[in-house]
Amino acid sequence: MIINDRFVKFKTDNERVLSHPYINDVLVYDIECDSFDLDTSRVKFVGFYSYKYEKYILLHIDNHERIQGLINEHRILVGFNNKFFDGPIMENPVNGFDLKYKIVFDCLSVLYDMERRRPNREVIIKNPDGKMLASILKNRKLNSVAEALNIPVSKGDIDYKLFQKDEWSDAEIQEIFIYLYKDINITRQIFEYYITYFDGFRDLVPDDNIKRLNYIRSSTGSFAYSVVCHLADIPLVFEDDKEKLKLKPDNGGGYVLAPQVEYAENVVYLDFASLYPHLVFQCNLLTPADEGWSGDGFFPVKGTYDKTSQGKIDKILKDIYMKRRELKRAKDPRELGYKIAINSIYGISGSPVFKNVFNTTTAGDCTAIGRKTIQFTRDQFEAHGYKVIYGDTDSVFVQLPNGKTVQNLLDLSKSVIATIQAHMPFPVSTFVLDVDDEFDKVWLFKKKHYAGFNKDGKFIIKGLSIIKGDASQLAQLLFDKIRPLMIEKKDIKFDREYIANLIDIELKKNITIIGSLYNVRNPDSYKSASSLQCQIATEHGAGSHVLIPNKIIGDVGKSKKYCTPEEAVDLKIEDLCLDKLWHELDPFIKRPKDL
DNA sequence: GATTCACGAGTACC
DNA sequence: ACCGGTACTCGTGAATC
């Protein structure tokens, strides 16, 4: 069955030209096929948007040559999950398309690295409202990503059984094409969002990188490496020696000071401006030498670094930092690429793949200098009558005593920093302690777990179980409810009875609200089949599942059972396990001594 | 047999 | 064409008393 082109062309909605020199090499595509099995799935329809022709083209699989021809005419294939789905299916023996040497631009992979199971650009990309994508995405489906980026999506799914047929009525064809068009259009808009969002990144990389869209697709570390090699005019080389790649020195990490008090008022949150980058270029850590600076008897470093002149890459890092500072002050959005490059250099300096910046001591010495810096700062503050109640890596929470002002503290910090810098070979004036925030009230629970109100009355909450994605839905719901009360009262503590009553009300309304969201992978990717996640994956498949902890129903769990919301209809409130819920709410419960 | 411990897994903070 | 470590929570199964 051949479907005439004429029938399926759509006009572009606008004529806007994207600011990318190679946009005409881009072909956005999506397939409809009859199964999810990569090796045997048969493609039934393929849809395209070609920037070269500025056209949507929707084709039935019988147009095999036309489809392959269109692909051959473009260098870059854009899709959503096309790296692991559309692409492999197109190339499988059943369909036999040739996608060799194509640049695979997967809008999903840009956000999240599926193979390494770690976030990529979703932690950098903000939506039009200024919210970080990683924090607002409920899942990583096409429509969810689109919604998060304020791209309009129409609801309504197609019946996938349609793609198992080989003959369709006109109405069905129309339905299929509308569906296909929508998905391609959404994919295109997501792609364009990326192109626009990362436009400034092009300033920092060579043409080849731009040509391959690597500045968008790659990990941020890889991007940073491209940047420094390009600016230093040294070859972009990667370590290929298997033995050297295995070399993973213990790089240490940041120092976290345990909370010294449970609660405090009038607290200044100071943090070092770009701590690690500053340490790298002030100590020339990217330029090891046989003799030179080795901590000056102050910093416990292992390596030795050139102290006669600033190294080439160290200098570039400093230049990028200064340029970013300027752009940031001018509120120029192009500052982002500089920021990412700056913050990633320390990270890649500890990874042997990045040959030009790696050596065995740099990253470890950077963290060691960081620990010394923050601990010395704390000691000096304490010696001058300030109480440091908490700190993490590059920050100190300082309780301001009566009679002392923030300016007093900042003045002291200047002299402390001068002392620290006296032991560095290439000190710079931008190495300062900034006021990150000022808390009227702050509650410190554990390391990396605190909450408070800043001087503008804004509620700040970090790390607590209740704000994590796997918190019980009821805890999240209650938190949303009591949040305005907290802000109004400027207090986070409530009576246990009050909370218990709220829990009771909500559970009576909807018992399944106690469930938590579990994000699980493919069962065979787990080391231990007994783990809860693996049990969930085996029972319900990979993906996100809401499960209800209880004492009687469910094929998942051992000491505690987990059932689906559907299975939960027979449960009574007494059957539920509420310990996790109470633990999540615990920071907000008045304890006897709080009374 | 109850308690402790190490571990895998997920998520957040810097 | 893989940036890093720290720290919490939860559940499981083995180790320990």
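Just so it is clear: chains get the letters A, B, ... in the order the sequence lines come, proteins before strands, and each one is counted from 1. Computed from a predicted structure; not experimentally measured.
Across all strands, A/Leu236 comes closer than 4.0 Å to no nucleic acid atom at all (heavy-atom distances). Across all strands shown, A/Gly347 has heavy atoms under 4.0 Å from base atoms, whether or not it also approaches the sugar-phosphate. Counting non-hydrogen atoms under 4.0 angstrom, A/Ser395 reaches nothing in the nucleic acid. Among the heavy atoms of the strands, none lies under 4.0 Å from A/Gly350. Within the 4.0 angstrom heavy-atom criterion, no nucleotide atom of any strand lies near A/Tyr215. Nucleic acid contact class of A/Tyr562 (heavy atoms, under 4.0 Å, all strands): sugar-phosphate only. Across all strands, A/Thr220 comes closer than 4.0 Å to base atoms (heavy-atom distances). Residue A/Lys527 is in sugar-phosphate contact alone, with no base atom involved, counting any heavy-atom pair closer than 4.0 Å across all strands shown. Nucleic acid contact class of A/Lys446 (heavy atoms, under 4.0 Å, all strands): sugar-phosphate only. Within 4.0 Å (heavy atoms only), A/Tyr450 reaches sugar-phosphate atoms of the nucleic acid but no base atom. Residue-level contact check: A/Tyr526 touches the backbone only, with heavy atoms under 4.0 Å from sugar-phosphate atoms and none from bases. Residue A/Asn519 is classed as a sugar-phosphate contact, given heavy-atom separations below 4.0 Å to backbone atoms only.
Between A/Ser472 and A/Lys580, the shortest heavy-atom contact is N-NZ, 3.7 Å.
Where DNA chain C meets chain A (any atom under 4.0 Å from a heavy atom), the bounding nucleotides read 5' to 3' are C/dA1 to C/dG13. Contacts between chain A and DNA chain B, taken as any atom within less than 4.0 angstrom of a protein heavy atom, begin and end at B/dG8 to B/dC14.
Among A/Tyr321, A/Phe431, A/Tyr346, A/Phe281, the one residue that satisfies the ring-ring contact (aromatic ring centres under 6.0 Å, His included) test with A/Tyr276 is A/Tyr346.
Note that A/Arg75 lies in the cation-pi zone of A/Tyr22, set by a 6.0 Å cut-off to the ring centre and a 45° limit from the axis.
Look at A/Lys458 and A/Asp437 and you find no salt bridge, because none of the NZ, NE, NH1 or NH2 atoms lies under 4.0 Å from a carboxylate O. Between A/Glu335 and A/Lys328, none of the side-chain N atoms (NZ, or NE/NH1/NH2) sits under 4.0 Å from a carboxylate O, so this pair counts as no salt bridge. Using a 4.0 Å cut-off between charged side-chain N and carboxylate O, A/Lys315 and A/Asp319 make a salt bridge.
In this structure the side chain of A/Thr512 never reaches within 4.5 angstrom of the side chain of A/Val546, judged on heavy atoms.
Where A/Phe354 and A/Leu257 meet DNA chain C, the nucleotide closest to each residue was compared, and A/Phe354 sits on the side nearer the 5' end.
Side-chain N or O atoms of A/His74 include none that pairs as donor or acceptor with a backbone N or O of A/Ile76 at under 3.5 Å. Under the 3.5 Å distance criterion, the side-chain polar atoms of A/Gln282 are matched with a main-chain donor or acceptor of A/His278.
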